[in-house]
Amino acid sequence: MTVNQKTMKFPRPADPTIEEVLRTFLDVSAQRLKPATFRKYKSVIELFTISMNDYGSGKLSKAETVMFEALYNARGAAHREYCQVFGPEKIMGNVSEFLGYFMPRKVMGGKELMRAAGTVTKKLAQWLHEQGLVDTESAEAAMQTGASAAKALPAAVRLAEALYDYCRHHPVDDWSDEIDDHFTVEKVQPDRLHLAPLLGDTPEDQTIVLNLPQAITALCQVGWEISLSLGRTKNGWRILESGTVYAL
């Protein structure tokens with residue numbers, strides 16, 4: 001292979017870039033949406049952009065990585081972020097990380113923002129497909145992820161709020177063993193949750209059962225992950241502190 005052939009195969013910055021395509025999507029959306037709704041769209045797209053800039057480079061090929069690092073490490077006006085280098089074909093591959101990781105773990109927003117994240121992502125995938133910028137399979141997968149997130153993410157926030165309120169009104173005064181971990185919900189019953197610690201370091205290395213009001217257990221689903229600090233009392237395990245609930 002000659003030097004010229006290598007140069008021709010080396011990736012180049014896209015035209016249009018992700019940043020430019022997202023700007024067009026917002027311009028088009030502004031023409032049909034009410035101002036309050038458009039503000040949500042703008043907030044979600046800004047967050048999605050941050051997510052891609054922060055984590056998108058981990059999915060690049062070796063050649064793409066070389067190009068990206070050269071542009072990212074450039075100084076002054078030559079510096080480029082991920083969304084200023086790559087094109088819209090990369091967007092769909094970043095949807096799951098945005099909705100499943102970035103939103104619940106980095107943003108931890110309220111129910112409305114979480115619902116909007118799923119809805120706007122779904123609308124974006126549909127629009128990109130209509131413009132011929134992404135293929136049908138990836139667009140449909142992203143739309144399904146967005147639709148699921150629009151329901152699951154705000155539901156997870158509701159459960160997190162319910163657990164926080166329960167802890168605040170039911171403080172634990174005396175406990176022995178203590179576990180601070182992320183727990184996967186293995187089973188939901190009307191009056192209890194069966195949890196498996198992520199690190200598997202319970203004193204007996206077993207599933208933990210929490211007795212909770214049905215008003216709380218009804219909000220939970222098998223497979224969700226909950227950040228909790230637990231203490232063992234004479235009446236079983238109790239919640240000392242609660243954190244984020246992860247639904248995707």
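Hydrogens, waters and symmetry mates play no part in the numbers below; they use all other heavy atoms, side chains included. Values in this document were obtained by computation on a predicted structure and should not be read as measured data.
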Whether Gln31 side chain and Val28 backbone form a donor-acceptor pair below 3.5 Å: no
His169 side-chain N/O to Asp165 backbone N/O, donor-acceptor pair under 3.5 Å: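 Pair found, side chain donor or acceptor close to backbone of Asp165.
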Asp174 to Thr233 - nearest heavy-atom pair and separation: O-CG2, 3.4 Å
[X] with [Y], same ILVMFWY side-chain cluster at under 4.5 Å:
X	Y	value
Val222	Trp224	yes
Met143	Val134	no
Val120	Tyr101	yes

Lys90 to Phe86 six-membered ring, cation-pi geometry met (6.0 Å, 45°): yes
Charged tip of Arg80 within 45° of Tyr72 ring normal and under 6.0 Å: no
Ion pair Arg238/Glu178, N-O distance below 4.0 Å: no
Glu112 bridged to Arg115 by N-O distance under 4.0 Å: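 Answer for the salt bridge query: yes.
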Exercise: do Glu64 and Ser61 side chains pair donor with acceptor under 3.5 Å: yes
Any side-chain donor near an acceptor of the partner, Thr49 and Glu19, under 3.5 Å: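 No, no side-chain donor-acceptor contact under 3.5 Å.
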Pro13 side chain near Leu71 side chain, heavy-atom distance below 4.5 Å: yes
Neighbour count >12 (heavy atoms, 6.0 Å) for atom CD, Gln189: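 Count over threshold, so yes.
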Distance, nearest 0.5 Å, that separates NE2 of His194 from OG1 of Thr184: 14.5 Å
